[in-house]
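Data block below; observations after.
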Amino acid sequence: SIGAADGRKSPSDYIIRNYDSDDGLRSDTVFSLTQDRDGYLWCGTYAGLARFDGVRFTIFDIDKTRALGTRTIYSVQTDRAGRLWIGNDEYALIVREAGEFHAVPLPLDATGVPGQLRSLCEDSQGCVWITTRDSRTMQWKDGQLTESKWSAGSPSILLDWSGSGPDWFSVSDPGANTVRFGHFNGGVFTSPADPQGIEHFSAQVCFPRIAGGMWMLDQAGEDHRLRALLPDGTISGFRTLPPLVGDPPSAYLEDYSGNLWIGLREAGILRIAPDGSRRRFTRADGLPSERIRSMILDREGNIWAATDGG
């Protein structure tokens with residue numbers, strides 16, 4: 001199912017509207033969401049790709065769209081050029097451009113097996129960065145896919161903090177549960193030697209701030225620590241949060257009013273207001289399921305959540 005709420009309203013004014021198979025979705029299990037530049041909402045589901053125009057769903061599945069490869073769509077993302085990037089349950093990459101779907105073959109790995117999609121993101125210059133499950137990095141630009149080399153790790157999140165100048169990357173090290181921040185220039189990843197510890201620290205989650213930079217959420221003993229990494233590279237806004245209902249976060253965003261929304265894997269959605277007050281939304285508030293898979297903020301300020309509801 002998909003749940004939608006207006007993120008500009010006060011907590012007591014939220015209206016939650018659910019969309020499921022009764023509204024035209026082929027499956028109630030929705031894995032990911034994105035909004036394209038024409039305003040359409042795209043949903044990756046257990047039974048194909050769905051496009052929502054605000055009134056009805058249009059379904060694209062392997063029966064009619066062979067390029068999708070499989071029936072289950074795990075990830076969807078749009079870029080500035082209007083392309084829709086799609087990942088299926090076999091970790092293959094598909095792109096929809098000018099209304100046509102086609103597969104993007106990833107280079108073979110060291111064993112001769114086609115590469116499998118891990119993550120995808122776009123930089124400020126319109127270059128799409130693709131990482132594979134064997135920790136390789138590629139760039140898609142002008143219709144060409146080229147491989148890039150990193151000095152260490154592989155990128156998991158890509159952000160442009162200032163809108164100009166070099167993009168900032170976060171590079172994950174799953175074995176050490178750490179991330180590093182830095183720039184990618186001339187085939188080399190470099191991190192700033194910052195005394196505040198930007199270069200290397202333990203973190204669970206980082207996601208964009210509306211005002212630039214990113215929010216960082218990590219474990220601090222039994223509690224969680226929330227920090228803001230500002231566009232100039234300084235860290236501020238230290239805040240300790242109680243345990244997140246004993247559940248790791250699965251989705252996160254900031255709305256236009258400065259509220260932080262954290263989706264929990266089995267415990268609904270947590271809203272943290274700018275003053276630090278918290279409110280958790282569950283089935284009792286109208287959510288179709290408390291298992292949150294992804295969330296997005298649309299242009300009108302509505303918050304959409306992909307769930308297992310139904």
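All values reported here derive from a predicted model rather than from experimental measurement.
- Taking CD from E290 and OG1 from T282, the interatomic distance works out to 5.0 Å, rounded to the nearest 0.5 Å.
- For the pair F31/T72, a side-chain contact is recorded, criterion being any heavy-atom separation below 4.5 Å from C-beta on.
- A heavy-atom distance below 4.5 Å is not found between the side chains of T307 and R293.
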Under the side-chain contact (heavy atoms from CB on, under 4.5 Å) rule, what do L84 and T34 come out as? Steps first, then yes or no, please. CA-CA 9 Å; L84 176 68; T34 190; 3.8 Å; yes

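- Sorted by first and then second residue, the pairs that involve residues 97-116 and meet ring pair (Phe, Tyr, Trp, His ring centres under 6.0 Å), not counting sequence neighbours, are F60-F101.
- Pairs passing the side-chain hydrogen bond (donor to acceptor under 3.5 Å, both in side chains) check and including a residue from residues 37-57, sequence neighbours excluded, read D36-W42.
- Rounding to the nearest 0.5 Å gives a distance of 12.0 Å between CD1 of I262 and CZ of R271.
- Considering CH2 of W261 and CD1 of I296, their distance stands at 14.0 Å, rounded to 0.5 Å.
- For the side chain to side chain contact (heavy atoms under 4.5 Å, CB included) test, no residue two or more places apart in sequence or in another chain qualifies with D142.
- Two rings, from W129 and W140, have their centers 6.0 Å or more apart.
- Taking the side chain as every heavy atom from C-beta outward, L41 and D298 never approach each other to under 4.5 Å.
- With sequence neighbours left out, the side chain to side chain contact (heavy atoms under 4.5 Å, CB included) criterion links E254 to R209, I210, W215, L260.
- I62 shares a hydrophobic cluster with no other residue; no ILVMFWY side chain has heavy atoms under 4.5 Å from its own.
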Take D275 and S277, measure what side chain to side chain donor-acceptor pair (under 3.5 Å) needs, and give me the verdict at the end. CA-CA 6 Å; D275 64 4; S277 61; 2.7 Å; yes

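- Every salt bridge (Lys or Arg N to Asp or Glu O under 4.0 Å) that D285 has, sequence neighbours left out, goes to R279.
- Applying the salt bridge (Lys or Arg N to Asp or Glu O under 4.0 Å) rule to R83 yields the partners D79, E97; only residues at least two apart in sequence or on another chain are considered.
- The minimum heavy-atom distance between D255 and L297, with the atom names listed, is CA-CD2, 3.7 Å.
- Pairs engaging residues 57-67 under the salt bridge (charged side-chain N to carboxylate O under 4.0 Å, His left out) rule: R26-D61, D63-R71 [sequence neighbours left out].
- At a threshold of 4.5 Å between side-chain heavy atoms, the hydrophobic network of Ile, Leu, Val, Met, Phe, Trp and Tyr places F281 and I292 in one connected group.
- Side chains of C43 and F57 form a contact here, defined as non-hydrogen atoms less than 4.5 Å apart.
- Here the shortest heavy-atom pairing between S257 and P274 reads O-CG, 3.7 Å.
- For the atom pair T78 OG1 and R96 CZ, the distance stands at 12.0 Å (nearest 0.5 Å).
- L68 is not connected to V95 by any chain of hydrophobic side-chain contacts under 4.5 Å among Ile, Leu, Val, Met, Phe, Trp and Tyr, and they are in different clusters.
- Taking each heavy atom of G126 and R80 in turn, the nearest pair found is N-NH1, 4.1 Å.
- Both L33 and L25 are members of a single hydrophobic cluster when ILVMFWY side chains are connected at heavy-atom separations under 4.5 Å.
- Applying the 4.5 Å side-chain rule to ILVMFWY residues, one finds that V55 remains a lone member of its cluster.
- A search for salt bridge (Lys or Arg N to Asp or Glu O under 4.0 Å) contacts involving D89 returns nothing, not counting sequence neighbours.
- With hydrogens and angles ignored, the 3.5 Å screen pairs no side-chain donor or acceptor of N88 with any backbone N or O of G69.
- Taking the side chain to side chain contact (heavy atoms under 4.5 Å, CB included) definition, one finds that A103 meets it with nothing, sequence neighbours left out.
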Determine, stepwise, if the pair L264 / I269 fulfils side-chain contact (heavy atoms from CB on, under 4.5 Å). CA-CA 6 Å; L264 303 172; I269 299 173; over 6 Å; no

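- The pair R291-E266 counts as a salt bridge, with a side-chain nitrogen and a carboxylate oxygen less than 4.0 angstrom apart.
- How far CG of N302 is from OH of Y256: 9.5 Å, rounded to the nearest 0.5 Å.
- I73 and I94 fall within the same hydrophobic cluster, where Ile, Leu, Val, Met, Phe, Trp and Tyr residues are linked whenever their side-chain heavy atoms come under 4.5 Å apart, directly or through other members.
- Between L145 and P107 there is a side-chain heavy-atom pair separated by less than 4.5 Å.
- Between the side chain of S75 and the main chain of I86, no donor-acceptor pair closer than 3.5 Å is present.
- In the hydrophobic cluster analysis, where Ile, Leu, Val, Met, Phe, Trp and Tyr join through side-chain heavy atoms closer than 4.5 angstrom, V128 is grouped together with L93.
- The line from CH2 of W304 to OG of S294 is 12.0 Å long, rounded to the nearest 0.5 Å.
- Legend: residues meeting side chain to side chain contact (heavy atoms under 4.5 Å, CB included) with T146, ordered by chain and number and at least two apart, are Q139.
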